[in-house]
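Structure first, commentary second.
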Amino acid sequence: MDIILVAGLWMGGWAWYEVAPALEEAGHRPVPVTLPGMGSVDADRSTISLADHVAAVVEAIDAAPGEQVVLVGHSASAGIVYAAADARPDRVARLILVGGFPAAHGTPLLRGFEPEGGELPLPDWGEFDEADLRDLGEGGKGAFAAFAVPSPAGVVTGIQQLHDERRYDIPVTAVSTEYSTADLKGWIDAGEEPVQEFTRFRDVTYVDLPTGHWPMLTRPQQLVRIILAQPPIGDGTIEPEIEFISSRAFHAADGVEDWRVLYGGAHAFFRTESLGDGARLVAEVVAIAEEQGHFPDIDLRPEGVFVRTFSHRSGSVSAADVELAAAVSAAARRLELVPDPSVLRVLGIAVVQSPDAHVRPFWTAALGYEPLGADDAVDPLRRSPHLWFQTMDPPKAGRGRTHIDVSVPRDRVEAYVAAALEAGGRLADDAHVPEWWTLASPDNHGVDLAAWTDDTDEVG
């Protein structure tokens, strides 16, 4: 199925960077659209109208090779894809409106925004409600602001033009984000003008996605599951979200004493006397993974076997990881292999940038990485260090820097700190102890020794 993705104000096709690959992996053809004037801050937006944005979506519909498409419109673009569906009602199998409403004929596409000099820049974050910003975080705000492009005034002030009542026959899914389905239905029942088109559709499905206003940034995988569930793509059944657990809850389970929760998930190492001994454990782990339907990373070395289990690309853990870890440890005991948590360490690289810079595209291109969430990047095969991007405080234009983060077991961190100090290092910052120790080498290179991941109450 062709799935055309149109983001709201200040965003282009880049906004779907996690959603589109997941839809493609599921066997569909995602088409993230960058609307006219939204490709660059330097673009000329002075003459761009709402009709131009609608025409761009109609063009994407016409270019789709399949008989029908699904249109996904976010925020203000809910009205834009609605107008495109009005222009091509026979080609649209479903409308999925994410955090936005289908503006009726003759009504403003948007209310409450006043453009400046022919365009509407991204407002200061203080002008948004707390509900809008839920889950975005400081890193997400920085990344969003770095990519944001002012929206054309002609679109923001545009009046919706609709002509074909066959649009009411198109099935609609309304995804509630910073507000709830109950809120939306209450506004409909109260006769609020911006939502009255919902009363005219013959088939409306209401779905809650509790997050902020930009779920493609804050909850992309859950948004993907919702999209994939909608007919004719799916059968209406939304796959349940994984219930992540904290590392403290992981360690409270039985049979996981060999494991430590570091960056990227739960890790264990089992020593062997030969590569053959390790291969036998690998075979056991593979059988366990196949039986449980949960697949860890396995690293076989002559000295032993590393196993990492995780339930999400970010390294979050769930009850499935507890089950797998306990089974792997039991298999290792049967093979008389000894666990050695003392060797467990995971490196990460923190890239610190000024607020007006956004360097993740450079790093992902240089390393062959993929974006993760709003402000991280990862090796798609999980071989190399995780990257995360932080804002320099206080800002220093053109003075980006990097430092190494080392995720270590809680029961080993003080020994590592002591060894580093004994080797000539110094404690550069103890403000975050015991979560992490910021050390500096004799020539002032920075490293954080982080133990917080191994015993946090944080979930996900």
Which is it for V322 and W259 under the side chain to side chain contact (heavy atoms under 4.5 Å, CB included) test, yes or no, and what are the steps along the way?
CA-CA 10 Å; V322 173; W259 298 74; over 6 Å; no
As a quick check of understanding, evaluate side chain to side chain contact (heavy atoms under 4.5 Å, CB included) for H251 and D455, giving each step before the final call.
CA-CA 8 Å; H251 285 306; D455 58 2; 5.6 Å; no
May I have the step-by-step check of side-chain hydrogen bond (donor to acceptor under 3.5 Å, both in side chains) for Y82 and Q160, ending in yes or no?
CA-CA 10 Å; Y82 182 42; Q160 184 80 301; over 6 Å; no
Can F101 and Y179 be said to form a ring-ring contact (aromatic ring centres under 6.0 Å, His included), step by step?
CA-CA 12 Å; F101 312 134; Y179 53 88; 5.7 Å; yes
Evaluate the criterion side-chain hydrogen bond (donor to acceptor under 3.5 Å, both in side chains) for residue pair H213 and S75; output intermediate values, then yes/no.
CA-CA 8 Å; H213 187 61; S75 188; 2.7 Å; yes
Begin from the C-alpha positions of L120 and L110 and carry the test side chain to side chain contact (heavy atoms under 4.5 Å, CB included) through to its verdict.
CA-CA 12 Å; L120 179 68; L110 292 169; 5.7 Å; no
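Taking the centre of each ring, F144 and W125 come in below the 6.0 Å mark.
S40 has its side chain out of reach of V149: every pair of non-hydrogen atoms, C-beta onward, lies at least 4.5 Å apart. A heavy-atom distance below 4.5 Å is found between the side chains of L347 and I404. The shortest distance between side-chain heavy atoms of L367 and S384 does not fall below 4.5 Å. A 4.5 Å side-chain heavy-atom check between E323 and H294 finds every atom pair outside the cut-off. Using a 4.5 Å heavy-atom cutoff, the side chains of L23 and L228 are in contact. Within the 4.5 Å cutoff, the side chain of T218 has no heavy atoms near those of the R134 side chain.
Counting only distance, with no hydrogens or angles, the side chain of H386 and the backbone of G348 share no donor-acceptor pair below 3.5 Å. Remark: the backbone N or O of T181 is paired with a side-chain donor or acceptor of D208 at under 3.5 angstrom. Panel note: side chain S247, backbone T456; a donor-acceptor pair is recorded below 3.5 Å. Not one N or O on the side chain of D454 forms a donor-acceptor pair closer than 3.5 Å with the backbone of A451. Side-chain atoms of Q196 come within 3.5 Å of backbone atoms of I188 as a donor-acceptor pair (strictly under, hydrogens ignored).
Of all heavy-atom pairs between A93 and P171, the closest is O-CD, 3.4 Å. Between P296 and L324 the shortest heavy-atom distance is CD-CD1, 3.9 Å.
D297 and R308 are joined by a salt bridge, as a carboxylate oxygen and a charged side-chain nitrogen come within less than 4.0 angstrom of each other.
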Which side-chain N or O atoms in residues 54-73 pair as donor and acceptor under 3.5 Å with protein atoms at least two apart or in another chain?
residue: D62; atom: OD1; partner: R88; partner atom: NE; Å: 2.9
residue: D62; atom: OD2; partner: R88; partner atom: NH2; Å: 3.1
residue: Q68; atom: NE2; partner: D90; partner atom: O; Å: 3.1

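Aromatic ring pairs are classed by plane angle as parallel below 30°, tilted from 30° to 60° and perpendicular above 60°; the pair Y206 and F198 is tilted. Ring-plane geometry between F306 and F269 is classed as tilted, the angle between the planes lying from 30 to 60 degrees on a 0 to 90 degree scale.
Heavy-atom contacts from other residues, nucleotides or ligands closer than 6.0 Å to CD of E192 number more than 12.
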